[in-house]
Amino acid sequence: MDAPPTSARPVPVALPRIDPARCTGCGWCIAVCPPHVLSLQVVDWKKRSVLDDAGGCTGCAKCAVRCPFGAIHMQKVPAPNSRSPELDRYSP
């Protein structure tokens, strides 16, 4: 029998953390995100980038590299086999 297909998506070792005080809502991070898991949302009449789908994030860090304002840094996540309240922060 054939083995069941496995997901080709890599498990990220880090996820983007967006500093709302530094984010200007310019959208550069969204433009470079290969899996398209970032979006702009309006909060208090200001646009801000948010991570919509932590499970879909590949952890490539292109968003953090591209941000001209230093509003995004990559934060390590625990290994998939360990459970941590820190990881729950990224789940919808």
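The structure presented is a predicted model; accordingly, all values stated were derived computationally and were not measured. Starting from 1, each residue takes its place in the sequence as its number.
When all heavy atoms of Cys29 and Ile72 are compared, the pair lying nearest together is CB-CD1, 3.6 Å. Summarising the geometry of Cys57 relative to Pro35, their closest heavy-atom pair is CA-CG, 4.5 Å, with the distance given to 0.1 Å. The heavy-atom pair separating Val37 from Gly56 by the smallest distance is CG1-C, 3.7 Å.
Separating the CG atom in Asp19 from the OG atom in Ser49 is a distance of 12.0 Å, to the nearest 0.5 Å. Note that the CZ atom of Arg17 and the CG atom of Leu51 stand 9.5 Å from one another [nearest 0.5 Å]. To the nearest 0.5 Å, the span separating CD1 on Ile18 from CG on Leu38 amounts to 5.5 Å.
Applying the side-chain hydrogen bond (donor to acceptor under 3.5 Å, both in side chains) test to residues at least two apart or on different chains, none of the pairs has a partner in residues 64-74.
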Validation: residues 21-28 side-chain donor-acceptor distances under 3.5 Å, sequence neighbours left out:
{"unit_1": "Arg22", "atom_1": "NE", "unit_2": "Phe69", "atom_2": "O", "d": "3.1"}
{"unit_1": "Arg22", "atom_1": "NH2", "unit_2": "Phe69", "atom_2": "O", "d": "3.1"}

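Counting only heavy atoms from C-beta outward, the side chains of Cys33 and Lys62 never approach each other to under 4.5 Å. The side-chain heavy atoms of Leu15 and Lys76, taken from C-beta on, include no pair separated by under 4.5 Å.
With sequence neighbours left out, the side chain to side chain contact (heavy atoms under 4.5 Å, CB included) criterion links Lys46 to Arg48.
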- Message: Gln41 vs Asp52, test: side-chain contact (heavy atoms from CB on, under 4.5 Å). Steps then yes/no.
- Response: CA-CA 10 Å; Gln41 290 185 357; Asp52 285 325; 3.6 Å; yes

